[in-house]
Participant: 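Below: one structure in structure tokens.
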Amino acid sequence: MSEEKNLNFLEEIVAADLEAGKYTSILTRFPPEPNGYLHIGHSKSICLNFGLAAKYGGTTNLRFDDTNPVTEDTEYVESIKEDICWLGFNWAQELYASDYFDTLYEYAVQLINKRLAYVDDSRSDEIAALKGTPTEAGKDSIYRSRSVAENLQLFTDMKAGKFKDGEKVLRAKIDMAANNMLMRDPIIYRIKHAHHHRTGNKWCIYPMYDFAHGQSDSIEQITHSVCTLEFIPHRELYDWFITKLEIFPSHQYEFARLNMTYTVMSKRKLLQLVNDGHVNGWDDPRMPTISGFRRKGYTAESIRTFCEKIGVAKRENFIDLSLLEFCLREDLNKIAKRVMAVLDPVKLIITNYEDGKTESLVSENGPEEHMGTRTLTFSKELWIEREDFMEVPAKKWFRLAPGALVRLKSAFIVKCESFSKDEQGNINEIHCTYIPESRSYNDTSGISVKGTIHWVNAATAVEAEIRLYERLFMVENPAGEEAELRDLINPASLEIIRKAYLEPSVATATTAERYQFIRKGYFCLDKESTQTKLIFNRTVTLKDAWSKEMKK
Ligand code: ATP
Ligand code: MG
């Protein structure tokens with residue numbers, strides 16, 4: 001065994017195999033079915049497969065497990081490639097299980113010749129009825145004793161399209177009394193007259209998952225085939241095919257899938273959210289897809305750190321969504337540019353400031369010196385956050401209120417002298433005086449105030465739409481609920497602010513940039529943003545309960 005400490009169980013296996021000389025280098029694969037976009041659960045598998053190979057000097061194949069023509073599509077293939085690249089991984093080869101259809105067909109013929117496979121004419125309900133139960137052996141199908149010649153002919157006819165969907169299947173001949181139900185003569189080929197996204201109409205028979213997956217691993221000479229726990233019962237069959245076909249012995253290992261609170265991770269359910277219009281597409285920022293997280297402003301770094309932190313286990317558990325957000329904040333805190341944005345604006349007028357005058361102020365872009373500084377402009381009319389003013393201040397209120405003093409971030413101390421209301425009774429203007437000697441970085445006023453608020457200069461502010469996201473589901477484990485998915489959706493998962501005011505430095509933002517809107521959260525430009533209409537997504541709020549826990 002390797003001496004290195006803190007290896008996860010898969011790393012231990014690989015290290016031992018390499019040390020024993022079983023392989024000179026390892027080859028792993030990530031095998032998505034192109035029937036949907038990748039979700040955060042997949043990123044765990046990606047980090048694991050690519051990470052394992054990278055750590056031990058091996059490589060990883062990207063193999064599309066495209067054996068089900070009905071649900072698969074090239075749109076999904078493209079999105080999957082984009083997501084893996086974005087996460088920061090490079091595959092050795094891009095491969096498709098459908099490229100092995102000829103070889104897999106040959107393998108099936110070999111099994112027939114070895115009397116290890118037969119064509120069964122039974123209907124699916126008849127096959128199910130003869131399967132037995134975990135405590136009761138199954139019964140042989142009357143077609144089980146067909147001759148090799150007859151099976152070969154029928155299988156050729158299946159391929160030639162002589163039968164309709166469901167009329168016949170090819171089954172492995174193993175053991176109808178096996179303890180493992182999957183070993184009771186599993187179906188390995190079915191008839192499906194359907195167009196395939198790569199092979200078109202060439203095939204009307206398609207291999208089942210179990211007959212495609214292990215053999216594809218073997219064809220590629222994958223050394224360590226890592227999958228999730230639900231495939232444990234499939235391992236016996238995986239090994240059986242490899243042994244009987246006498247092909248390269250790939251090995252399957254299982255780890256616990258990622259489950260996360262407030263999230264669904266089945267592609268079927270995610271597709272339902274998209275198709276039923278509960279979200280605006282697979283990359284809606286509320287979706288737990290990699291493209292959704294990316295659009296919302298998550299960094300690849302934070303997702304990789306998250307996958308590292310949760311580790312690799314052999315037992316299923318639930319990971320709190322807050323842990324992902326914690327990893328995100330840690331990263332954004334390091335890289336996000338600090339800017340000022342007023343999301344719920346109210347006018348602040350500085351009565352003792354000259355009309356038409358503008359002055360420049362310097363403000364830091366972030367806590368780290370290397371992040372540099374930028375110039376802000378200041379003049380008589382500003383926008384401030386409505387919630388930063390209280391007509392009748394609460395106890396320990398350090399922000400604006402009649403007669404109170406507050407510092408405007410990177411600018412001056414102001415004192416509220418009066419305010420006015422519109423016809424509906426909403427405050428529409430706050431009138432202040434400013435203290436010219438209190439300029440930030442050069443404050444000679446001798447006045448100290450407890451509160452600092454953000455602002456933007458009304459003369460130069462840019463307008464933007466702001467999209468605030470909350471959790472998509474109201475319950476911790478939506479997949480575990482009886483209720484329909486649509487009844488579990490948080491009705492407040494998206495709040496749109498039509499008109500916020502931002503400092504002009506963000507007018508040239510790209511979707512690659514990350515911002516902290518001071519005191520408001522982390523934000524990034526949305527892809528729907530245009531030159532004439534800026535749109536920002538809230539990536540995550542500044543703090544939550546989890547981070548407090550972590551710092552205790
Ligand atoms: P779904 O049930 O959502 O369709 P899947 O497992 O069928 O998911 P695949 O495209 O077949 O999706 O998955 C590709 C790889 O990602 C597989 O090896 C699978 O085990 C792994 N994977 C899928 N979901 C998770 C998860 N939640 N955690 C870890 N790995 C996962
Ligand atoms: Mg699958």
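Keep in mind that what you see is a predicted model, and the values were worked out from it rather than measured. Whatever order the structure lists ligands and atoms in, that order sets their numbers, starting from 1. Residue numbers run from 1 in the order of the sequence given.
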Participant: Assess whether ring-ring contact (aromatic ring centres under 6.0 Å, His included) is satisfied between Y107 and Y189, documenting all intermediate values.
Facilitator: CA-CA 11 Å; Y107 286 163; Y189 263 93; over 10 Å; no
Participant: Go through ligand 1 atom by atom and flag the ones less than 4.0 Å from a non-hydrogen atom of M265.
Facilitator: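 With M265 as reference, the close atoms of ligand 1 come out as 3 (O).
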Participant: Which residue, D120, D140, D121, forms the salt bridge (charged side-chain N to carboxylate O under 4.0 Å, His left out) with R146?
Facilitator: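 Of D120, D140, D121, salt bridge (charged side-chain N to carboxylate O under 4.0 Å, His left out) with R146 is met by D121 alone.
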Participant: Any pair with a residue in residues 290-309 that passes ring-ring contact (aromatic ring centres under 6.0 Å, His included), sequence neighbours left out, goes on the list, sorted by first then second residue, please.
Facilitator: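 Sorted pair list: F293-Y298.
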Participant: Are R486 and D276 ion-paired here, with the side-chain N under 4.0 Å from a carboxylate O?
Facilitator: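 The answer is no: the pair does not qualify as a salt bridge.
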Participant: Which option out of D65, V264, T228 puts a heavy atom nearest to atom 20 (O) of ligand 1?
Facilitator: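 When every heavy atom of D65, V264, T228 is considered, T228 comes closest to atom 20 (O) of ligand 1.
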Participant: Is K192 salt-bridged to D165, cutoff N-O under 4.0 Å?
Facilitator: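 Salt bridge flag = no for D165 with K192.
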Participant: For K267, counting its heavy atoms only, list the atoms of ligand 1 lying under 4.0 Å from any of them.
Facilitator: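 Matching atoms, with element in brackets: 1 (P), 3 (O), 4 (O), 8 (O), 9 (P), 10 (O), 12 (O).
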Participant: If we only count N/O pairs under 3.5 Å, is L258 in contact with ligand 1?
Facilitator: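 In this structure, L258 places an N or O atom under 3.5 Å from an N or O of ligand 1.
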Participant: Please work out which of K269, R268, E316, R257 has its closest non-hydrogen atom nearest to atom 24 (N) of ligand 1.
Facilitator: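 Residue with the shortest heavy-atom distance to the ligand atom: R257.
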Participant: Decide, yes or no, whether a salt bridge links E325 with K543 under the criterion of side-chain N to carboxylate O below 4.0 Å.
Facilitator: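 Salt bridge flag = no for K543 with E325.
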Participant: With heavy-atom distances below 4.0 Å as the criterion, list the atoms of ligand 1 near P31.
Facilitator: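 Close to P31: 14 (C), 18 (O).
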Participant: Short list, please: which atoms of ligand 1 are under 4.0 Å from a heavy atom of E33?
Facilitator: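 It comes down to these atoms of ligand 1: 9 (P), 10 (O), 11 (O).
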Participant: Which atoms of ligand 1 are found less than 4.0 Å from any heavy atom of H39?
Facilitator: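 Atoms satisfying the 4.0 Å criterion: 3 (O), 24 (N).
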Participant: Can you check which of G41, S266, P32 brings a heavy atom nearest to atom 30 (N) of ligand 1?
Facilitator: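 It is G41 that holds the nearest heavy atom.
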Participant: Geometry only, no angles: is H42 polar-contacting ligand 1 at N/O separations under 3.5 Å?
Facilitator: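 Yes: some nitrogen or oxygen of H42 is under 3.5 Å from one in ligand 1.
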Participant: Can T299 and S302 be counted as having a side-chain donor-acceptor contact under 3.5 angstrom?
Facilitator: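 There is such a pair between these side chains.
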Participant: Looking at D83 and R294, is any side-chain nitrogen of the basic one under 4.0 Å from a carboxylate oxygen of the acidic one?
Facilitator: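 Yes, R294 and D83 are salt-bridged.
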Participant: Among the heavy atoms of F231, does any lie under 4.0 Å from an atom of ligand 1?
Facilitator: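 It does not; every heavy atom stays at 4.0 Å or beyond.
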